[in-house]
2 protein chains.
Amino acid sequence: MVTLTEENYIKAIYHLGKYGANNVSTNAIAKEMETKASSVTDMVKKLSEKGYADYKKYQGVTLTNKGKEIAINIVRKHRLWEVFLVEKLNFSWDEVHEVAEQLEHIKSKKLISQLDAFLEFPTHDPHGDPIPDKTGKIKKIDKILLSETKIGDDCICVGVQDSSSDFLKYLDKNNIALGTELKVCHREPFDNSITIKIKTKELIISNMIANNLFVKIS
Amino acid sequence: MVTLTEENYIKAIYHLGKYGANNVSTNAIAKEMETKASSVTDMVKKLSEKGYADYKKYQGVTLTNKGKEIAINIVRKHRLWEVFLVEKLNFSWDEVHEVAEQLEHIKSKKLISQLDAFLEFPTHDPHGDPIPDKTGKIKKIDKILLSETKIGDDCICVGVQDSSSDFLKYLDKNNIALGTELKVCHREPFDNSITIKIKTKELIISNMIANNLFVKIS
DNA sequence: AATAATTTTTAGATTAGTCTAAAAATTATT
DNA sequence: AATAATTTTTAGACTAATCTAAAAATTATT
C-alpha cells in the first residue's frame, strides 16, 4: 500500500526529475513540498526501502520503474480530473489545480477508465499538458516557448509552463487560450518583449510571459 | 479543520443516531467503524472538545448542530457522487459505495455545487436515499418496507434498507430496480414470504428480502 | 441487594509523519 | 589544500490515530 503522503513525495520526485537526468536533491524536494529537509530524508529512506526509489546518502534520489509507474498514474488521474472539471463542471483553467490535487488520490481503476471514456479519451489537459494513457505512455508534442520563436512565425498556443492563477488570468484577460493562433511580429532587443498579432489585434508580451507560453509553429 | 478520520467518526455517529433519539454508544461506533472501543473513547473526547459532539463518560454521544451540519454535508457529497457514478460513468448500484466513500471527503464548495447542477439537482441517490440540499434540508418520502404491505397493494419500489452488494445483485437478477412497479399477491403465514407480481411475472420473495426493500403504495 | 456480565474508560505503547537543533558530509572559495 | 559555506543527515521530541491490557462504571441476573 502506498500512503497519500508517499504518493505526494513520489509525484514531487517525478516532476523534479523530469528535466535533467540527475538525481533529485533533498532540498529541492523540501522546497517543492513545503516541508523540511529532515522530513524528506526520512521519507526517501522509506520510499527506497519500499522499492519506489533509489537513494544513497548525500546523493539524492531517483524513482525506480515501480515508482515511476505510480507517479505517471497520479499524473494521469490529475489531468483527467482537470479535463472533467473544465469541460463538464465549468471550472476555469486557473481553478482546477487544487481540486485535482485531491481527486488524483482516489483509488479505483474502474473510476478512471470510465472517466477517461466519459471524457472521450482526451490527450491533453486544460493547460496543454499530455495525459498519459492507461499503459503510462505519454505523447510528446514538439512545442517550443514563445520566447524561442522567430519573427514572422505563425504559431498556435499549445500549453503553459507556469500554471499559476495569476498567469492564467493574464492569458484569459488577453484572450489567449489553448488553440489560439498568433503571429510573431517584432522582438524588442532592449527587454526581449514580443509583439504578437492575434487575428487583427496586436499585443505586446513581456519576455517573462513569452517564457511561460508554449506554442507550435504552424 | 476537520480531519478525514474525524469526518468518518462524525458520519458514523450521524448514521447510528438517525433512528432512536438516544445517545450513540461507544461499542456501536466501534462496531460500525471496525475499530476498538478505546479508540472511539479517545476520538469522541476530541470531537466533544472541538464542539462537534456532546459526550459524557459512560453516557454515549450525540452530535451538536455543528457536527450534524458536517455529517449532512458528507452524506450530500456521498450521494451526489453515487448519482454521478451510476448516471455518467455507468457504474452499477452495487459498485458505487466504496468509491463514493473516498470521493465524499474531497473539499471544494464549487465542485459540489457544480456537480449538483451537472446532475440536474437529483433528489435521490441510486439506492433511493434522499440527497440533502445545499442548506442541509432532507426531503422525506413516505416509504414503507415491502414486508409491511397488505395483500393487494400496488407498490412502486423506492429504496433499499441494506445496500450490500449481494442484496443489490439479487434485485438486479430479479429485475427489481428503483421505479419498478409490483403488486403484493400473497403472504405465506409459515415463513412470511411474499408472492409479488411484476408486470405479468410472479415472484416469491423471502421475508428477509421484503424487510430490506422500501416501497411506496401507489 | 449482591454478584456476575458487559460496557466503557484509562494507562501506556506503537506507527506515520513531522519538526528543531546539532553533527556530518559535500561543495565552493580562498 | 585548507577553510568556509552549504547541504544533508541524525538524534530526539511531538502529534494524530491506533492498539492491548487492566481498571472502573454500568447493566443484568440471581
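Every chain is numbered from 1, with letters handed out A, B, ... down the list of sequences.
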Starting from [atom2] on [N], measure out to [atom1] on [X] and report it in whole angstrom.
X: A:L4; N: C:dA16; atom1: CG; atom2: P; result: 15 Å
X: A:L47; N: C:dA16; atom1: CG; atom2: C1'; result: 13 Å
X: B:E6; N: D:dT18; atom1: CD; atom2: P; result: 10 Å
X: A:D42; N: D:dT8; atom1: CG; atom2: P; result: 15 Å
X: A:N8; N: C:dA16; atom1: CG; atom2: C1'; result: 14 Å
X: B:N22; N: D:dT27; atom1: CG; atom2: P; result: 12 Å
X: A:N23; N: C:dT26; atom1: CG; atom2: P; result: 14 Å
X: A:M1; N: C:dA16; atom1: CE; atom2: C1'; result: 13 Å

Does [N] have OP1 or OP2 under 4.0 Å away from a side-chain N or O of [X]?
X: B:N27; N: C:dT8; value: yes
X: A:Y58; N: D:dT10; value: no
X: A:Y9; N: C:dT18; value: yes
X: B:K57; N: C:dT10; value: yes
X: B:T3; N: D:dA16; value: no

For this session: For A:H97 and A:H78, run ring-ring contact (aromatic ring centres under 6.0 Å, His included): C-alpha distance rounded to whole Å, both residues' side-chain angles, the deciding distance at 0.1 Å, then the answer.
Result: CA-CA 8 Å; A:H97 192 72; A:H78 183 102; 4.8 Å; yes
Exercise. Relative to the 5' end of DNA chain C, which residue comes earlier, A:M43 or B:K56, by the nucleotide with the nearest heavy atom?
Worked result: B:K56
Pair partner, [N] [Watson-Crick or wobble, under 3.5 Å]:
N: C:dT10; answer: D:dA21
N: D:dA1; answer: C:dT30
N: C:dT18; answer: D:dA13

Exercise. Would a line drawn from the ring center of B:F84 to the ring center of A:F84 be shorter than 6.0 Å?
Worked result: yes
For this session: Using a strict 4.0 Å threshold on nitrogen-to-oxygen distance, state whether B:R76 and B:D116 make a salt bridge.
Result: yes
Exercise. So does A:K11 pair up with A:E104, basic N to acidic O under 4.0 Å?
Worked result: yes
For this session: Could you list by number each residue of residues 31-39 of chain A showing a heavy-atom separation from DNA chain C of less than 4.0 Å, or answer none if no residue does?
Result: A:T35, A:K36, A:S38, A:S39
Problem set entry | Pair B:N207, B:S193: side-chain N/O donor-acceptor within cut-off below 3.5 Å | no
Exercise. Using a distance-only test with no angle check, is there a side-chain donor-acceptor pair under 3.5 angstrom linking A:E32 and A:H15?
Worked result: no
Exercise. Base, sugar-phosphate, or nothing for A:T5, non-hydrogen atoms under 4.0 angstrom?
Worked result: sugar-phosphate
Exercise. Do the numbers put A:K45 on top of the ring of A:Y55, so that NZ or CZ is under 6.0 Å from the six-membered ring centre and no more than 45° off the axis?
Worked result: no
Exercise. Would A:K88 count as a cation-pi partner of A:F118, with NZ or CZ less than 6.0 Å from the six-membered ring centre and within 45° of the ring normal?
Worked result: yes
